[in-house]
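All values below come from the heavy atoms of this structure, side chains included, with hydrogens, waters and symmetry mates left out. Below, chain A is the first sequence line, B the second, and so on; all start at residue 1.
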2 protein chains.
Amino acid sequence: MTRAHASNPAPDILTLMAAYEGAPDDPAVCPIRDVLDRVAQKWTLLLMIQLSTGPKRFSALQRQVGDISKRMLTQSLRDLERDGLVSREVFPTKPPSVEYALTDLGRSSLEPIAVLTQWADNNHDRIRQARVAFDG
Amino acid sequence: MTRAHASNPAPDILTLMAAYEGAPDDPAVCPIRDVLDRVAQKWTLLLMIQLSTGPKRFSALQRQVGDISKRMLTQSLRDLERDGLVSREVFPTKPPSVEYALTDLGRSSLEPIAVLTQWADNNHDRIRQARVAFDG
DNA sequence: CAGCATCCGTTATGATACTG
DNA sequence: CAGTATCATAACGGATGCTG
């Protein structure tokens, strides 16, 4: 019950952070680096957001994300699938269609993604202002 | 039964996500991409975590992060400074010392970072298991 | 339709040497 | 100490053509 990571930014965050101060840089050992390596990829988060509204087919994803190449779309989806965040189901139609969806694990990642998204949205202006000030 | 995403983590998350479904991919316009471009950098998040426990000097950061080169450390700190997340103070000692610290904006970013970190920590095992299963 | 293979330019990052 | 400059390389990512 007291798993309140809902809204306590203050004290325990630093504690948590401190635990990673000396974290190894090897992604195989450090969860931060490991997850980041995925989050950091250019398209994966966008794909997660697309899939947050429901299963989508390969071509639908490509259309909606906009300017992603088939190459990168395939690769990103494979990475997400490999990490267990996205499931892939092939329908033996002709021509075949493939549907991608979030797994339970994938859905659980929407919360941290949403928090990040919200922060980004709330502070984008500040960041841009800081850049202007810095560049000037 | 359809594999509808039955269990929503939180109702408003999907709403928020939906708002970014058609988000432009241009970082100058899309906050998600813009923030991600920073989060995605190999070292910035690690540096933020290092600085979460207090101001640190250039050499201290290099030592604690571990295997970051001076080149990347300088560049990453500059980027963070430009975005207004980190402040830089030069002390005119000889030889000079420079201290880096989080700004208010930088501190506010610790919450989303912490949420992400927690998720990473909680689910790292699952991800690794998924990878083993996928590769096998 | 979905996705793999190939080629190729761009960017990210490391190693090293040098400076105020 | 805290960088900067330069070079070299590896990873990233787009374009294209081919296939079941």
To the nearest 0.5 Å, atom CG of A:Leu105 lies from atom CD of B:Gln129 at 10.0 Å

5'-most by nearest nucleotide on DNA chain D - A:Pro95 or A:Ile68: A:Ile68

Within the side chain of B:Ser76, is there an N or O that forms a donor-acceptor pair under 3.5 Å with the backbone of B:Trp43? no

I need the CZ-C1' distance between B:Arg78 and D:dT4, as an integer number of Å. 10 Å

By nearest atom, which of the nucleotides C:dC1, C:dG3, D:dG13 is closest to the A:Arg57 side chain? C:dC1

Report yes if a side-chain nitrogen or oxygen of A:Arg88 is closer than 4.0 Å to either non-bridging phosphate oxygen (OP1 or OP2) of C:dG3; otherwise report no. yes

Base, sugar-phosphate, or nothing for B:Lys94, non-hydrogen atoms under 4.0 angstrom? nothing

What heavy-atom pair brings A:Ser109 and A:Met48 nearest, and what distance separates the two atoms? OG-CE, 3.2 Å

Under 4.0 Å between a side-chain N/O of A:Arg71 and OP1 or OP2 of C:dA5, yes or no? no

Looking at A:Ser59, does any N or O in its side chain come under 4.0 Å of the phosphate oxygens OP1/OP2 on C:dA2? yes

B:Tyr100 near the nucleic acid: base, sugar-phosphate alone, or nothing, with a heavy-atom cut-off under 4.0 Å? sugar-phosphate

Taking atom P of D:dA5 as reference, at what distance in whole Å does atom NZ of B:Lys70 sit? 13 Å

How close or far is atom P of D:dG14 from atom CD of A:Gln75, stated in whole angstroms? 10 Å

d(CG, B:Asp79; C1', C:dT11) in whole Å: 14 Å

Taking only side-chain N and O atoms of A:Ser69, does any of them lie within less than 4.0 angstrom of OP1 or OP2 on D:dG14? yes

Tell me which nucleotide among D:dC1, C:dA2, C:dG3 gets nearest to the side chain of B:Pro96. D:dC1

D:dG14 phosphate, OP1 or OP2: any side-chain N/O from A:Lys42 under 4.0 angstrom? yes

Find the distance A:Gln41:CD to D:dA11:C1' and express it as a whole number of Å. 11 Å

Less than 4.5 Å apart, side chain to side chain, heavy atoms only: is that true for A:Asp83 and B:Arg131? yes

Please state how far atom CD in B:Gln62 lies from atom P in D:dC1, giving the value in whole angstrom units. 10 Å

Spacing between B:Met72 atom CE and D:dA2 atom P, to the nearest angstrom: 18 Å

If you apply the rule salt bridge (Lys or Arg N to Asp or Glu O under 4.0 Å), what do you find for B:Arg126 with A:Asp104, and how did you get there? CA-CA 11 Å; B:Arg126 253 181 291 259; A:Asp104 286 341; over 6 Å; no

Expressed as a whole number of angstroms, how long is the span from A:Leu73:CG to D:dC12:P? 17 Å

